[in-house]
Amino acid sequence: MKRIVLTIGLLAAVNCAALADGNAFTPLDFNDTQYGTTQSTGVTKTGTSYSTTDPDGVGNGNIQNAIQQLDNAQVDIRNDLLNCKTKYADVDAQYKLIKTERKALKKQVSSIEKRIKEIDKAKEKIRKNML
């Protein structure tokens with residue numbers, strides 16, 4: 001019993017210590033000011049303004065280029081989707097047309113087969129009457 005209580009206590013202490021760190025998913029070298037996403041300005045005592053971040057931050061051009069490439073890829077994929085939907089609509093229309101033609105031909109075939117069976121029965125009746 002003592003071992004179980006000590007084990008549970010030890011597990012709880014270890015888990016609490018592991019969960020106490022609120023920055024578990026933040027990289028160690030992460031720096032918000034490096035990317036230039038926000039820009040704060042201020043005024044010195046002499047009246048000149050200054051900026052705390054560079055508007056052309058490190059990697060900003062690469063990020064914009066990557067976003068532009070993703071936008072272009074998204075447009076291409078949407079165009080492909082539109083083409084696929086158009087082809088699908090055409091094939092679906094052809095399928096429905098063929099399905100209705102098939103149904104009509106099936107009725108026609110069954111009616112012709114029925115007529116052939118009736119003629120066969122009539123021939124059999126005539127043969128029986130002849131004998």
Side-chain angles (χ1 to χ4, degrees):
M1 186 69 167
K2 288 181 183 179
R3 286 186 181 178
I4 293 173
V5 171
L6 287 174
T7 305
I8 291 174
L10 180 64
L11 285 173
V14 170
N15 285 336
C16 290
L19 295 175
D21 183 19
N23 297 326
F25 298 105
T26 305
L28 295 175
D29 59 344
F30 183 75
N31 185 359
D32 284 335
T33 60
Q34 177 180 358
Y35 298 103
T37 55
T38 60
Q39 181 178 5
S40 60
T41 58
V43 178
T44 62
K45 289 182 180 179
T46 60
T48 59
S49 64
Y50 65 93
S51 173
T52 58
T53 59
D54 184 13
D56 296 328
V58 176
N60 193 22
N62 291 338
I63 293 172
Q64 293 297 325
N65 189 25
I67 291 172
Q68 184 66 33
Q69 288 178 351
L70 289 173
D71 286 341
N72 292 338
Q74 187 178 25
V75 168
D76 291 341
I77 291 171
R78 284 186 178 167
N79 288 338
D80 289 342
L81 175 65
L82 184 62
N83 291 337
C84 286
K85 283 185 177 183
T86 303
K87 287 179 184 178
Y88 176 81
D90 291 342
V91 169
D92 190 49
Q94 290 174 357
Y95 170 76
K96 289 178 181 177
L97 178 66
I98 290 172
K99 189 175 176 182
T100 55
E101 287 180 11
R102 181 180 182 267
K103 189 176 181 180
L105 287 173
K106 184 177 180 181
K107 285 182 182 179
Q108 187 178 5
V109 166
S110 65
S111 68
I112 291 172
E113 288 176 345
K114 186 177 178 182
R115 287 176 54 199
I116 289 173
K117 286 181 184 178
E118 289 174 357
I119 292 172
D120 284 340
K121 287 180 185 178
K123 285 185 345 187
E124 286 297 320
K125 284 183 182 179
I126 292 173
R127 284 188 189 138
K128 285 183 182 178
N129 288 336
M130 286 178 53
L131 294 175

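Count residues from 1 along the sequence. Excluded from the calculations below are hydrogen atoms, water molecules and symmetry mates; all remaining heavy atoms, backbone and side chain alike, are included.
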Problem - Rounded distance [0.5 Å steps], CD1 in Ile119 versus CZ in Arg115 - result: 6.5 Å
Handout entry: Check: Thr86 and Asp90 side chains under 4.5 Å, non-hydrogen atoms
Key = yes
Fill in the blank from the handout: Separation between CD1 (Ile98) and CG (Leu105), nearest 0.5 Å, reads 11.5 Å
Exercise for the section: Would you indicate whether the side-chain heavy atoms of Lys96 and Thr100 approach each other to under 4.5 Å? Expected result: no
Completion exercise
Output for pair (Met130 CE, Ile126 CD1), nearest 0.5 Å, gives 9.0 Å
Problem - Spacing of Gln74 atom CD and Asn79 atom CG [to the nearest 0.5 Å] - result: 11.0 Å
Fill in the blank from the handout: Output for pair (Glu118 CD, Asp120 CG), nearest 0.5 Å, gives 10.5 Å
Exercise for the section: Return yes when atom CG of Leu97 has more than 12 non-hydrogen atoms of other residues, nucleotides or ligands closer than 6.0 Å, and no otherwise. Expected result: yes
Handout entry: Short N-O contact, Glu124 and Lys121, less than 4.0 angstrom
Key = no
Problem - Contact check, side chains of Lys114 and Lys117, non-hydrogen atoms, under 4.5 Å - result: no
Completion exercise
Taken to the nearest 0.5 Å, the spacing of Gln108 CD from Glu101 CD works out to 11.5 Å
